[in-house]
Protein chains: 2
Amino acid sequence: MAEESRTGAGGRLRESESGGGARGRRAVAAPKKFSREQVAAAALRLTDTRGLEALSMRTLAAELGTGPMTLYNYVDGREGLELLVVEAVLEGADWPETGSGDWRDDVRKLAEVFWRTIRSHPHVIPLIAERRTVDEPILDFGERMLEALARSGRSGRELLVAFRLVSGFIVGFTQGAAGRALISPGGESASAVIARARTLDPERFPRVVEIATASVEGDRTGEFRAGLDLLIAGLAADARPGGGREG
Amino acid sequence: MAEESRTGAGGRLRESESGGGARGRRAVAAPKKFSREQVAAAALRLTDTRGLEALSMRTLAAELGTGPMTLYNYVDGREGLELLVVEAVLEGADWPETGSGDWRDDVRKLAEVFWRTIRSHPHVIPLIAERRTVDEPILDFGERMLEALARSGRSGRELLVAFRLVSGFIVGFTQGAAGRALISPGGESASAVIARARTLDPERFPRVVEIATASVEGDRTGEFRAGLDLLIAGLAADARPGGGREG
DNA sequence: CTCCCATCAAGTACGGTGTACGTGAACTGG
DNA sequence: CCAGTTCACGTACACCGTACTTGATGGGAG
């Protein structure tokens with residue numbers, strides 16, 4: 001797993017940042033031109049400002065002032081590029097301490113940090129939604145969440161169900177709150193949703209229109225918490241009676 | 001619906017269309033070469049057999065024995081093509097009668113039909129997940145689900161939360177059960193998941209590995225029902241006391 | 001009848017994508 | 001000095017969606 005690009009481990013790599021004044025007798029070549037973090041930051045910046053469809057090998061390369069193929073020295077193809085962006089987003093989160101207190105609190109805390117983190121990069125949401133069973137940084141979060149859920153006395157199939165419930169809710173809610181077509185690259189989410197709801201026939205979709213409106217007017221975080229609390233209550237009610245601690 | 005006239009190879013034959021407009025001056029020049037249903041069926045077949053990434057204007061056109069641009073006479077670009085596939089999938093469902101009995105039963109019935117319908121076309125799942133707030137056939141389902149949920153005594157924000165909970169669960173569960181990278185175009189889902197789980201470090205992701213294994217061994221439909229029941233129980237417990245009927 | 005031209009099917013071509021391949025420059029250890 | 005290795009990156013290919021253009025068709029007007 002850990003076979004990252006261990007190419008730079010030779011020791012001699014002098015980063016090409018604004019280091020010492022004599023920045024080189026030579027033009028660039030043997031030491032890496034960028035750090036992986038630089039690439040990640042550029043990719044995330046690109047995605048945040050110009051949307052997910054603007055993220056391509058070529059645009060990113062242009063952003064960095066280099067050619068497309070150079071990126072393949074930092075990233076394992078398009079797939080790896082997306083992974084890099086997801087990583088960059090999740091690294092920005094500061095995960096809470098969990099594992100000791102009430103599992104409900106931990107579930108809540110974890111979910112909330114995830115929610116807040118993701119929401120600050122709305123364009124990345126589709127990426128996270130479709131890659132959540134693949135990327136390690138997400139699985140890392142999943143593992144913590146599972147640990148908390150396990151303390152409700154679940155394991156095996158029940159744990160699986162509980163996890164799917166929670167993660168499905170988180171991703172679904174996030175996705176629904178700022179879905180692909182409802183948020184435009186420009187970024188005016190609210191008006192876009194409203195506009196979209198307006199085009200719907202209110203006779204055919206009365207309640208869809210109703211909740212679409214409610215969704216725009218309400219505060220999403222409050223709704224997220226409400227849904228999560230409901231979910232946690234359900235999980236607690238269903239938990240194996242003696243299983244407040246691990247049974 | 002538009003009735004189709006099948007043309008042989010190479011020629012287009014005139015056909016008096018139903019409702020052939022006496023639009024004054026000109027009559028129709030040529031009948032359509034395919035029916036919309038033919039196109040939809042071909043698109044769905046293509047997606048089912050060769051995966052979502054094989055669905056393109058060009059491949060579909062080739063499948064139909066015509067050129068790419070011809071499709072634009074039947075479908076509004078790539079976007080419309082995806083809509084067509086989603087439509088084709090959801091049209092295959094036979095929706096239950098709802099609206100009269102217990103809302104819990106209706107939620108269950110609707111969710112289950114949706115689940116079963118979608119699962120029979122696993123490659124379309126990502127499409128449905130990301131287009132669920134956009135496509136009318138999906139909104140149609142959403143409207144029915146909302147109607148059922150409303151009978152738990154909710155409206156406005158609470159209804160929104162309940163809906164997000166349920167639909168997030170459905171989509172999340174489906175997506176998780178047969179996600180993009182976990183199911184390969186070839187179609188060997190179970191072994192792929194196992195293989196994936198094997199590559200994970202069990203020290204770092206002990207519980208992820210545990211539920212991944214459980215997920216392969218268990219029957220998904222049972223887990224889906226279990227999660228759904230838990231969710232419904234939570235919704236029922238939280239329902240406004242007097243609100244068994246619409247209040 | 002002939003001719004016109006509205007209409008729709010379909011081809012060509014353009015600008016995009018991801019990336020295999022190859023070349024060559026810069027460094028390192030012998 | 002000379003391999004050998006690592007990296008930058010230009011070129012090229014196969015693919016994508018689709019704007020634009022062409023071409024066939026056949027009803028009405030003359």
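Note on naming: letters A, B, ... go to the chains in the order of the sequence lines (proteins, then strands), and numbering restarts at 1 for each one.
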A:Thr66 side-chain N/O to D:dA8 phosphate OP1/OP2 under 4.0 Å: no
Nearest-Å distance for atom pair CE/P, residues B:Met57 and C:dT12: 19 Å
Out of C:dT19, C:dA10, D:dA8, minimum distance to the side chain of A:Asn73 belongs to D:dA8
Tell me the interatomic distance from B:Leu71, atom CG, to D:dC16, atom C1', rounded to whole angstroms. 14 Å
Could you tell me the separation between the CG atom of B:Asp76 and the P atom of D:dG17, rounded to a whole number of Å? 14 Å
Rounded distance (Å) that lies between atom P of D:dC16 and atom CD of B:Glu79: 18 Å
Rounded to whole Å, OH of B:Tyr72 lies from P of D:dG17 at a distance of 7 Å
Heavy atoms under 4.0 Å, any strand shown: does A:Ser56 hit a base, just sugar-phosphate, or nothing? sugar-phosphate
B:Glu53 CD to C:dG18 P, straight-line distance once rounded to whole Å: 16 Å
Can you classify the ring geometry of B:Phe173 versus B:Trp115 as parallel (below 30°), tilted (30 to 60°) or perpendicular (above 60°)? perpendicular
Within the side chain of A:Thr70, is there an N or O that forms a donor-acceptor pair under 3.5 Å with the backbone of A:Thr66? no
Main chain of B:Ala54, side chain of B:Thr59: is a donor-acceptor contact present, judged purely on distance under 3.5 Å? yes
Considering non-hydrogen atoms only, spot the tightest contact between B:Leu81 and B:Met57 and give its length. CD2-SD, 4.1 Å
Is any side-chain N or O of B:Thr70 closer than 4.0 Å to OP1 or OP2 of C:dA10? yes
Between A:Phe114 and A:Phe141, is a ring-ring contact (aromatic ring centres under 6.0 Å, His included) present by the stated rule, with each step listed? CA-CA 8 Å; A:Phe114 194 77; A:Phe141 165 80; 4.2 Å; yes
Under 3.5 Å, which N/O atoms of the protein pair with N/O atoms of nucleotides 20-22 of chain D?
none

Looking at the base of C:dG18, is there any donor atom on it, or on the side chain of A:Arg58, that sits under 3.5 Å from an acceptor on the other one? yes
Any heavy-atom pair between the side chains of A:Glu63 and A:Arg45 that's under 4.5 Å? yes
With side chains defined as the heavy atoms from C-beta onward, is the minimum distance between B:Arg207 and A:Arg144 less than 4.5 Å? no
Could you check how far CD of B:Glu82 sits from P of D:dT18, rounded to whole Å? 10 Å
Here the distance between atom C1' of C:dA10 and atom CG of B:Leu64, to the nearest Å, is 14 Å
